[in-house]
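Below is one structure, written out as structure tokens; the observations come after it.
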Amino acid sequence: MLKLQNEDFLDEVFKSIKRASIFLDRDKLTPDYVPENLPFREEQIKKIASILAQALRNSRPNNIFTYGLTGTGKTAVVKLVTKKLQERAVELKLPIQTVYVNCRQRDTSYRVLADIIESLGGHVPFTGLSLAELYRRLISKLESLGGRFIVILDEIDFIIKKQGDDLLYKLTRINEELKNSSLSMIGITNDLNFIDNLDPRIRSSLGEEEIVFPPYNALQLKSILEDRAKIAFRTGALDEGVIDLCAALAAREHGDARKALDLLRVAGEIAEREGDEKVRKEHVEKARKELEKDKVYEVVSTLPLHAKLILASIVDLTRRGKDSATTGEIFVEYSKKTSELRLETLTQRRVTDIISELDMMGLVSARVISRGRYGKTKVVKLIANLNTVLNALKDDEILESVVDVDK
DNA sequence: CCTCCACAGGAAGCGCAGGAGT
DNA sequence: ACTCCTGCGCTTCCTGTGGAGG
């Protein structure tokens, strides 16, 4: 009996997937897909290509610095151009290698260097070597391989913020020690103020060439989505106005093409799940909510324990009448929770840092204000969806007893 | 005008993990 | 086995500060 039901259910799922031929190729909408054609970026592509072409003439290309907001195609353009360069280099049998490092994931000098060395075929332990040793190994690796090396440092602002500009300084000067090889860098950042905070020496050498990526406007987003929809969706699978809506929503968020593509992809997935033969505007609206929710859940559930406790304290306080809390209040509430759970309590100094981290993640907003006689403090508000945050928090066993789900 | 609250946030440094060289 | 190095999360100690109330 039960077995039969299961079979029915499974049949149902597989049938609906087979029937739903909304997508032709869903992967064409994922962020990893680098299309061969990047519209509205011809200028940037040309400029980067002409700079990197120096490598084909066996001289060192200038360092390049690209900046623009998220989803403006910086990474895609750089990856596309370097891919083409690499192909050409293979054809011409020229020793050119490109290395891509994402500095958000590898946010220490050590890991960035280790990554570069590893993608050149070297081996470095996870930790343990001195930085000087790493530089030495990098230099000897470059020299033994020989040729033109291009290192792409994506989201370069992350190492600077965490480590200062020492790494960049050393990397910009590494060429002085190289004889039969050279190293060029392509820095990518979406922090527009980043350059101003940079040491002028590094700035001049890293920014030998500067390339700006302006945000896409709604019309351009629309055209990008249309191009991509042609190869990703079956013809006629998109209802009228779906692309317009995705483009408009993403344009509102500083012309973020990645966001636009995510919206379209998730809307398609929702339509497919619901067994609809077309993607409709309602699906886009649901996709927007789902993307937001997923992001919040993901961020909250991967938080370290004490950050979760602090977030739980903020949630509790803001639900208890007022809509905001101060650092002092949060610290008191947090201390209560830790003693309840018989955990060590972090210092208030550390707690303020964690609150700032929560702020940077966009879960809360923390604004420093002065209340005159009553001191200067941070006013913290929860800005992520309350229920999503609560769900993520109570999924942690340790926190179960201190998070009250009921209203 | 000055004071003084309730913190912010910088600087230094500590202890641990863990890999390399010896 | 021992020393040396780094990253990481954290503490300790510290100086700085906007503005309401005196």
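Residue numbering restarts at 1 for every chain, and letters A, B, ... go by the order of the sequence lines. Computed from a prediction, not measured in an experiment: that's the story for all the values here.
- One atom, CZ of A/Arg371, and another, C1' of B/dA8, lie 13 Å apart when rounded to the nearest Å.
- The salt bridge (charged side-chain N to carboxylate O under 4.0 Å, His left out) test applied to A/Arg367 returns no partner, not counting sequence neighbours.
- Residues passing the side chain to side chain donor-acceptor pair (under 3.5 Å) test with A/Ser182 are A/Arg148, sequence neighbours excluded.
- Within residues 323-334 of chain A, the residues having any heavy atom under 4.0 Å from DNA chain B are, by residue number, A/Thr326, A/Thr327, A/Gly328.
- Applying the salt bridge (charged side-chain N to carboxylate O under 4.0 Å, His left out) test to A/Arg252 and every residue at least two apart in sequence or in another chain returns nothing.
- Remark: A/Glu209 engages A/Asn62 in a side chain to side chain donor-acceptor pair (under 3.5 Å) (not counting sequence neighbours).
- Atom NE2 of A/His306 is separated from atom P of C/dG9 by 13 Å (rounded to the nearest Å).
- A heavy atom lying under 4.0 Å from DNA chain C marks the following residues of residues 345-352 of chain A, by number: A/Thr345, A/Leu346, A/Thr347, A/Arg349, A/Arg350.
- Legend: residues meeting salt bridge (charged side-chain N to carboxylate O under 4.0 Å, His left out) with A/Asp395, ordered by chain and number and at least two apart, are absent.
- Partners of A/Lys308 by salt bridge (charged side-chain N to carboxylate O under 4.0 Å, His left out), not counting sequence neighbours, listed by chain and number: A/Asp396.
- Scanning for side chain to side chain donor-acceptor pair (under 3.5 Å) contacts around A/Glu357 gives an empty result, with sequence neighbours left out.
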Considering only nitrogen or oxygen atoms on both sides, find all protein atoms under 3.5 Å from nucleotides 1-5 of chain B and state each distance.
from, atom 1, to, atom 2, distance (Å)
B/dT3, O2, A/Arg373, NH2, 3.2
B/dC4, O4', A/Arg373, NH2, 3.1
B/dC5, O4', A/Arg373, O, 3.2
B/dC5, O2, A/Gly372, O, 3.0
B/dC5, O2, A/Gly375, N, 2.9

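- Annotation: ring pair (Phe, Tyr, Trp, His ring centres under 6.0 Å) contacts of A/Phe233 (sequence neighbours excluded): A/Phe23.
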Query raised in the report: Can you check side chain to side chain donor-acceptor pair (under 3.5 Å) on A/Lys336 and A/Ser313, steps first, answer last?
Result: CA-CA 9 Å; A/Lys336 254 194 257 171; A/Ser313 307; over 6 Å; no
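- Applying the side chain to side chain donor-acceptor pair (under 3.5 Å) criterion to A/Thr70, with sequence neighbours excluded, gives A/His254.
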